[in-house]
Amino acid sequence: MAEEYEQLLDKALAEMPEFVFEKHRFEIPKVKGHIQGNKTVISNFLQIADLLRRRPEHMLKYVLKELAAPGGIRNGLMLLGSKIPASKINEKIQKYANEFVLCGECGKPDTQLEKEKTVTYLKCTACGAKNVVKGA
């Protein structure tokens with residue numbers, strides 16, 4: 001009986017499409033910007049938020065809090081009120097993605113933030129996992 005089961009598993013695996021076994025690494029684009037006087041200007045912040053499928057305001061609030069810097073979005077640019085290296089901004093965006101975008105179960109970025117009463121959940125459309133998100 002166990003051999004029949006193993007044969008059925010092998011047959012099922014052989015019939016599955018190749019893309020099921022492929023692991024695509026999700027990469028967040030690096031920020032592009034420059035320092036202008038005592039401010040930092042990031043030109044692709046809205047594109048990164050769009051790629052992560054999150055509201056730019058939510059992501060901006062998180063990044064500003066993590067950097068402990070004033071800032072905002074003006075004319076499609078993220079403006080920070082102090083000189084901050086791109087590596088530090090990239091680090092905070094990656095941390096945001098880990099908390100609010102990537103599924104804790106399967107690691108895929110196919111998630112949505114859902115609010116039920118006072119609790120916010122990160123729901124994965126790929127595997128169906130649903131986890132509580134703090135500070136959303």
Q.
Using side chain to side chain contact (heavy atoms under 4.5 Å, CB included), reason through L67 and K88 one step at a time and then give a plain yes or no.
A. CA-CA 8 Å; L67 292 170; K88 193 138 186 104; 3.7 Å; yes

Q: Carefully, step by step, assess F45 and L60 under the rule side chain to side chain contact (heavy atoms under 4.5 Å, CB included).
A: CA-CA 9 Å; F45 183 78; L60 176 70; 4.0 Å; yes

Q: Determine the minimum heavy-atom distance between N131 and G104, stating which atoms define it.
A: ND2-N, 4.2 Å

Q. Heavy-atom distance under 4.5 Å between the side chains of I28 and I48, does that happen here?
A. yes

Q. Does the side chain of L51 come within less than 4.5 Å of P29's, by heavy atoms?
A. yes

(Q) If hydrophobic clusters are built by linking Ile, Leu, Val, Met, Phe, Trp and Tyr wherever their side-chain heavy atoms come under 4.5 Å apart, do L64 and I84 end up in the same one? (A) yes

(Q) For the CD atom on Q36, are there more than 12 heavy atoms of other groups (residues, nucleotides or ligands in this structure) within a distance under 6.0 Å? (A) no

Q. Under a 4.5 Å side-chain heavy-atom rule over Ile, Leu, Val, Met, Phe, Trp and Tyr, are V133 and L52 clustered together?
A. yes

**Q.** Sub-4.5 Å side-chain heavy-atom contact between I93 and V31
**A.** yes

Q.
I need the minimum non-hydrogen distance between L46 and I73, along with the two atoms involved.
A. CD2-CD1, 3.9 Å

Q) Rounded to the nearest 0.5 Å, what separation is found between the SG atom of C124 and the CD atom of E105? A) 9.0 Å

Q: For the residue pair I42 and L77, establish whether any side-chain heavy-atom pair is separated by less than 4.5 Å.
A: no

Q | Check: S82 side chain, A69 main-chain N or O, donor-acceptor pair, under 3.5 Å | A | no

Q) Checking side chain to side chain donor-acceptor pair (under 3.5 Å) against Y96, which of R54, E66, H58 comes through? A) H58

**Q.** Side-chain ion pair, E116 and K130, N-O less than 4.0 Å
**A.** yes

Q. Do L80 and K39 come within less than 4.5 Å of each other through their side chains, counting heavy atoms only?
A. no

Q) Side chains of Q94 and N90: donor-acceptor distance under 3.5 Å anywhere? A) no

**Q.** Non-hydrogen atoms of F100 and L113 that approach each other most closely
**A.** O-CD2, 4.1 Å

Q) With a 4.5 Å limit on heavy-atom distance, are the side chains of R53 and D110 in contact? A) yes

Q. Considering all heavy atoms of both residues, which atom of N44 and which atom of K32 are nearest to each other, and what is their separation?
A. OD1-N, 2.8 Å

Q. When you look at T40 and I89, which way does the side chain to side chain contact (heavy atoms under 4.5 Å, CB included) test go after all the steps?
A. CA-CA 10 Å; T40 304; I89 299 167; 4.1 Å; yes

Q | Nearest atoms (heavy-atom pairs only) where K108 meets A126 | A | CD-CB, 4.0 Å

Q. Can you check whether M78 reaches M59 side chain to side chain, under 4.5 Å on heavy atoms?
A. no

Q. How close do C106 and C103 get, heavy atom to heavy atom, and via which atoms?
A. N-SG, 3.4 Å

Q | Full working for side chain to side chain donor-acceptor pair (under 3.5 Å) between E99 and Y62 | A | CA-CA 10 Å; E99 284 186 42; Y62 179 88; 2.8 Å; yes

